[in-house]
Trainee: 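Would you mind keeping the following structure in view while I ask a few things?
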Amino acid sequence: MLDFSQLSPQLASFAEHSSSDGDALGLRIERALLALGECSGRWETLAEEARAFRTWLVALPHEPPDAKHPPTVRPTPITVVATDGSQVFPDRHREPHCYLLNVSRVAFQYGTQEQPLIESIPRLGFDKEMVQDALEALMQQARPELVSAMRDQLELETLFQTAEDSGVAGRPLVALADGTLIPWMLKGRSGQGDASAFEQMYADTLARFRANRIPVASYVSMPASTEVVNLLRLARGECNGVSTALDETLDGMTDRHLFEDTLLPGERSALFGSLSHVLATYHEEDRIRFFYLHVPATRTSPSEVARVELPAWVAADTALVDLIHAVLLSECDKGEGYPMILSEAHERAVIRAKERDVFYSLIERERPHAMSRKSASKRIPAA
């Protein structure tokens, strides 16, 4: 039970801290804006410095970093597809050990009378070898990302198949994923064992979009990335070995903070490339690039800056980037600040607490007395 009487004074302290932190952030943003303008004139030289830099993860500019692009009008008719996923992790208090993945697929045919595709596909995993590996990782608290990696792989496969199934000859199509196209959950184990296998599978699936010329992009709401800020820190010499005073550094701000002050609502930023070593298994044309999009405020939601990721072959085609830009703004307008099709995909994919309880009840019906005493005790109401 939470004691709010003890929490209340701590919240007051937090409010003071937030106010002070906000003032400091404002000064960092001023410095960042100055650096952004100064480095844009030498962005190609800065790109070479970024390629050679190893201290922080920095963005690779593919045009002047202060570039801004207005939106275009979304064409019609058009096909937009999306997927999302959720999971129930293996539970060491229950036997036999298994996991559950639930992936949705959604396809909207805008500007036509065609019915949308909206469904979810559950998949129960209980392959002995894979489950033992996943369970061992979870118990050691070293690789809880394994099941998440399985889910991400299944989401991408489903997105590709949905695009293939729903595409109409001569009609533009955009495939949208929720979150990132970079398998960050495997970053700490990149190149090792099963992590390497998942990286290769993900890279191979992403390559199928290129082979079939299906433009794919992902949408990251409220991003915490700092790659562009780190690029500005590199340009300002913060990495020269001399400690930068707290009142002079850009450390502590995110890319989102920067572009909230530079982009007008509806505009997108310059294109940048990710230099993460996680992308080592990706084909050069599939390496991830990204831009920031200032999503306008709606009747019920304030504006926000989102990160949009896309493969290099898509980013190299300005018409496709414009198309993705226009589709996302249209979807955000329909979804009151968040892409409507991704909201629908989430609603179809999410496994809620009650559904998880029903899932466990079905498992126990098939295998009675499968849970530990500790797990069972949590289900008995206190007297």
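Just so you know, these numbers use all the heavy atoms, side chains as well, and skip hydrogens, waters and symmetry mates. Here the structure is a predicted model, which means the values were calculated and not measured.
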Trainee: Output all residues satisfying side-chain hydrogen bond (donor to acceptor under 3.5 Å, both in side chains) with Glu119, sequence neighbours left out; order by chain, then residue number.
Mentor: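 In terms of side-chain hydrogen bond (donor to acceptor under 3.5 Å, both in side chains), with neighbours along the sequence ignored, Glu119 is linked to Arg105.
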
Trainee: What I want to check is whether the side chains of Arg287 and Ser274 have a donor and an acceptor closer together than 3.5 Å.
Mentor: no

Trainee: Under the side-chain hydrogen bond (donor to acceptor under 3.5 Å, both in side chains) rule, collect the residues that match up with Thr262, sequence neighbours excluded.
Mentor: none

Trainee: Output all residues satisfying side-chain hydrogen bond (donor to acceptor under 3.5 Å, both in side chains) with Ser86, sequence neighbours left out; order by chain, then residue number.
Mentor: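 Checked Ser86 against side-chain hydrogen bond (donor to acceptor under 3.5 Å, both in side chains); zero matches.
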
Trainee: Strictly distance-based, threshold 3.5 Å: is any side-chain N or O of Asn212 a donor or acceptor partner for the main-chain N or O of Arg208?
Mentor: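 Pair found, side chain donor or acceptor close to backbone of Arg208.
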
Trainee: Applying salt bridge (Lys or Arg N to Asp or Glu O under 4.0 Å), which residue pairs with at least one partner in residues 340-352 are found, sequence neighbours left out?
Mentor: Glu344-Arg348, Glu347-Arg352

Trainee: Testing the 3.5 Å rule here: is there a donor-acceptor pair between the side chains of Thr249 and Glu238?
Mentor: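 Short answer, yes.
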
Trainee: Taking the side chain as C-beta and beyond, is there a heavy-atom pair between Val88 and Tyr360 under 4.5 Å?
Mentor: yes

Trainee: Look at the side-chain heavy atoms of Ile, Leu, Val, Met, Phe, Trp and Tyr, link any pair under 4.5 Å apart, and say whether Leu176 and Leu154 land in one connected group.
Mentor: no

Trainee: Kindly state whether the ring of Phe272 and the ring of Phe291 have centres lying under 6.0 angstrom apart.
Mentor: no

Trainee: Compute whether any side-chain donor of one residue and acceptor of the other, for Thr298 and Glu336, lie under 3.5 angstrom apart.
Mentor: yes

Trainee: Using the rule that Ile, Leu, Val, Met, Phe, Trp and Tyr join whenever any side-chain heavy atoms are under 4.5 Å apart, tell me whether Val216 and Tyr282 fall into a single cluster.
Mentor: yes

Trainee: Under a 4.5 Å side-chain heavy-atom rule over Ile, Leu, Val, Met, Phe, Trp and Tyr, are Tyr219 and Val305 clustered together?
Mentor: no

Trainee: Are side-chain heavy atoms of Ser218 and Asp178 found at a separation under 4.5 Å?
Mentor: no

Trainee: Give a yes or no on this: more than 12 heavy atoms of other residues, nucleotides or ligands lie within 6.0 Å of atom CZ of Arg123.
Mentor: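 Open: at most 12 neighbouring heavy atoms sit under 6.0 Å from CZ of Arg123.
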
Trainee: Which pair of non-hydrogen atoms, one from Val220 and one from Thr180, has the smallest distance, and what is that distance?
Mentor: CG2-N, 4.1 Å

Trainee: Applying salt bridge (charged side-chain N to carboxylate O under 4.0 Å, His left out) to Asp322 and Arg74, what does each step give before you reach the verdict?
Mentor: CA-CA 9 Å; Asp322 285 342; Arg74 193 210 71 189; over 6 Å; no

Trainee: Suppose we screen for side-chain hydrogen bond (donor to acceptor under 3.5 Å, both in side chains). Which residues come up paired with Glu267, at least two apart in sequence or across chains?
Mentor: none

Trainee: Given side chains that start at C-beta, do those of Thr162 and Leu117 come closer than 4.5 Å, heavy atoms only?
Mentor: yes

Trainee: Tell me, with the steps shown, if Gln6 and Gln10 meet side chain to side chain donor-acceptor pair (under 3.5 Å).
Mentor: CA-CA 7 Å; Gln6 294 189 49; Gln10 298 177 52; 5.6 Å; no

Trainee: Within the structure provided, determine whether His257 and Leu25 are in side-chain contact (heavy-atom separation under 4.5 Å).
Mentor: yes

Trainee: Under a 3.5 Å distance rule, please check whether Glu63 uses its side chain to pair with a backbone N or O of Ala270 as donor and acceptor.
Mentor: no

Trainee: Counting distance only, does the side-chain N/O of Gln109 pair as donor-acceptor with the main-chain N or O of Glu114 below 3.5 Å?
Mentor: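 Not a single qualifying donor-acceptor pair exists.
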
Trainee: Does the side chain of Gln153 come under 3.5 Å of the side chain of Glu157 through a donor N or O and an acceptor N or O?
Mentor: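 A pair is found: one side chain offers a donor N or O, the other an acceptor, under 3.5 Å apart.
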
Trainee: Identify, with sequence neighbours excluded, every residue that meets salt bridge (charged side-chain N to carboxylate O under 4.0 Å, His left out) alongside Asp286.
Mentor: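 Result, salt bridge (charged side-chain N to carboxylate O under 4.0 Å, His left out) vs Asp286: Arg210.
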
